[in-house]
There are 2 protein chains.
Amino acid sequence: MSPAPEAPKGRRGRRGAAEDTRGQILAAARSLFAEHGYEGTSLRRVARHAAVDPALVHHYFGGKEELFAASVQLPADPARVLSPVLQLPTAQRGEPLVRAVLGLWESELQPTMLTLIRSAIGSERQSALMREVFRRRILTTLMTGTDFDEQEKELRAELVAGQVLGLLITRYVVRLEPLASLPVDEVVRLVGPKVQQYLTDPLDLGPNGNRD
Amino acid sequence: MSPAPEAPKGRRGRRGAAEDTRGQILAAARSLFAEHGYEGTSLRRVARHAAVDPALVHHYFGGKEELFAASVQLPADPARVLSPVLQLPTAQRGEPLVRAVLGLWESELQPTMLTLIRSAIGSERQSALMREVFRRRILTTLMTGTDFDEQEKELRAELVAGQVLGLLITRYVVRLEPLASLPVDEVVRLVGPKVQQYLTDPLDLGPNGNRD
DNA sequence: ACCTTAATTCATCACGTGATGAATTAAGGT
DNA sequence: ACCTTAATTCATCACGTGATGAATTAAGGT
């Protein structure tokens, strides 16, 4: 009720130390980009969400593109997350692969991951980018150590990508309900084997081994 | 070179009959929404793309929301596309299910489908909508005729949804390359069996039946 | 031939957008 | 105590957005 002297509406100039405005802006941006995507998020909204003057967003980040880039910057190279999986023989990569990917999503990186997947699918331009990233970083490594011909390697890697992507979307984006709340271990047990099949089994093997 | 009298820049009033302006606007909208999503597409851009005055968009559709709704209106109820599949016993639904869904995407509905999937994933609001649709329309029907308990039915339906969604995204949205150009029959043979496994096989069966 | 009605254009609104630059204030090193 | 430098606010731009309403022209029934 009293006109709080600690929050003087429009006092200019520098504030008390250690308020980490930059951090607050970044946090707000991460959350809003994750929820509404790039186009659906305005700088002013980010500023309001962070309780900060819009001009500060420019001050710290330079512009919307840069803010987005910063929001999506990963602290750890995701390739490194996958590398332990690649040490294993192909015949045992299914479950560890799923586990590694889920691990990324269960961490504090989840909003970032959400933003990445949302924007990667949201428009043609971004999808093209994803296509390239996949070609360059995933495909080449995922199937190392197998002796399928090139074409088959690519196809298998893409089927794996599809299975994993679908899992991520149903669990973390759309959040369908039993699935979304299942413990990681269980999801790994459910989906890991299918990934393994795409990795190494004969390619059109029926359900439960249909030999007829 | 000559100042074409057939295309008089700013002549007002009604045009020659049978130009189907409404149709052109709708077509432009479908294509642009499919490519850039809802937020990324402006009415003026649609108008320019259809070579038409922006006010006409309002004249015919009333506003952006309505234009979007009209762009996404499906000529056939997708539930009817699935219903033949549901006639079959659960043990044989895998491949037909995949084939039915792919059929939808290989038709002239593809841009509409693209828009639907893009917007459904693009923002939290839309994702929530998708969650509801799935609950109401897919889940209940997909597992009819099995005797798993309720929880397991839901989980299986969601795993199927994930597998199919992932396939659609890699093939039609991101268009990863061997996969995107594969004939439908082949994709059905590749993915159908996995769907079948999610539908009916014991839930954590390993690759190629790992009994060890 | 006439008249209603639909299609089209134009001018214009109010608003939110991303962006910039100057003015102000405090922090923090010296 | 001083001075540079960083953080913050404010005013302001130019522009694109979705939207509306009046004015104009032809279509098409009678």
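Protein chains get the first letters and strands the later ones, always in sequence-line order, with residue 1 at the start of each. These numbers come from the heavy atoms of this one structure, side chains and all, not from hydrogens, waters or symmetry mates.
Residues satisfying the side-chain contact (heavy atoms from CB on, under 4.5 Å) test with A/Ala120, not counting sequence neighbours, are A/Met130. Evaluation of the salt bridge (charged side-chain N to carboxylate O under 4.0 Å, His left out) rule for A/Glu150 yields no partner, not counting sequence neighbours. Every residue two or more places apart in sequence or in another chain was checked for a salt bridge (charged side-chain N to carboxylate O under 4.0 Å, His left out) with B/Arg80, and none qualifies. Remark: A/Arg156 pairs with A/Glu152 by the salt bridge (charged side-chain N to carboxylate O under 4.0 Å, His left out) rule, at least two apart or across chains.
B/Asp20 places its CG atom 17 Å from the P atom of C/dA6, with the value rounded to the nearest Å. Summarising the geometry, the separation between CG on B/Leu56 and C1' on D/dT25 is reported as 13 Å, rounded to the nearest angstrom. Separating the CG atom of A/Asp53 from the C1' atom of D/dT12 is a distance of 13 Å, rounded to the nearest angstrom.
The side chain of A/His59 lies closest to D/dT8, out of C/dA7, D/dT20, D/dT8.
Between B/Tyr60 and the phosphate of C/dT8, there is a side-chain N or O to OP1/OP2 separation shorter than 4.0 Å.
Residue pairs meeting the side chain to side chain donor-acceptor pair (under 3.5 Å) criterion with at least one member in residues 48-76 of chain B: none, sequence neighbours excluded.
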statement: Base-pair string, DNA chain D, Watson-Crick plus G-U, cut-off 3.5 Å on both distances, | for inter-strand, is ||||||||||||||||||||||||||||||
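Judged by distance alone, the side chains of A/Gln87 and A/Ser83 never bring a donor and an acceptor atom under 3.5 Å apart.
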Between protein and nucleotides 14-18 of chain C, what N or O pairs are separated by less than 3.5 Å?
from: C/dT17; atom 1: OP1; to: A/Ser42; atom 2: OG; distance (Å): 2.8
from: C/dG18; atom 1: OP1; to: A/Leu43; atom 2: N; distance (Å): 3.3
from: C/dG18; atom 1: OP1; to: A/Lys64; atom 2: NZ; distance (Å): 3.3
from: C/dG18; atom 1: OP2; to: A/Leu43; atom 2: N; distance (Å): 2.9
from: C/dG18; atom 1: N7; to: A/Arg44; atom 2: NH1; distance (Å): 2.3
from: C/dG18; atom 1: O6; to: A/Arg44; atom 2: NH2; distance (Å): 3.3

Acceptor/donor pairs from residues 110-118 of chain A side chains to any protein atom, 3.5 angstrom cut, sequence neighbours excluded:
from: A/Thr115; atom 1: OG1; to: A/Ala34; atom 2: N; distance (Å): 3.2
from: A/Thr115; atom 1: OG1; to: A/Pro111; atom 2: O; distance (Å): 3.0
from: A/Arg118; atom 1: NE; to: B/Ile121; atom 2: O; distance (Å): 2.6
from: A/Arg118; atom 1: NE; to: B/Gly122; atom 2: O; distance (Å): 3.3
from: A/Arg118; atom 1: NH1; to: A/Ala34; atom 2: O; distance (Å): 2.5
from: A/Arg118; atom 1: NH2; to: B/Glu124; atom 2: OE1; distance (Å): 3.4
from: A/Arg118; atom 1: NH2; to: B/Ser127; atom 2: OG; distance (Å): 3.1

Show me the donor-acceptor pairs within less than 3.5 Å that the side chains of residues 92-108 of chain B make with the rest of the protein, sequence neighbours left out.
from: B/Arg93; atom 1: NE; to: B/Leu88; atom 2: O; distance (Å): 2.9
from: B/Arg93; atom 1: NH1; to: B/Leu142; atom 2: O; distance (Å): 2.8
from: B/Arg93; atom 1: NH1; to: B/Thr144; atom 2: O; distance (Å): 3.2
from: B/Arg93; atom 1: NH2; to: B/Leu86; atom 2: O; distance (Å): 3.2
from: B/Arg93; atom 1: NH2; to: B/Leu88; atom 2: O; distance (Å): 3.2
from: B/Arg93; atom 1: NH2; to: B/Thr144; atom 2: O; distance (Å): 3.1
from: B/Arg99; atom 1: NH1; to: B/Asp185; atom 2: OD1; distance (Å): 2.6
from: B/Glu106; atom 1: OE2; to: B/Arg171; atom 2: NH2; distance (Å): 2.8
from: B/Glu106; atom 1: OE2; to: B/Tyr172; atom 2: OH; distance (Å): 2.5
from: B/Ser107; atom 1: OG; to: B/Leu104; atom 2: O; distance (Å): 2.8
from: B/Ser107; atom 1: OG; to: B/Leu109; atom 2: N; distance (Å): 3.0

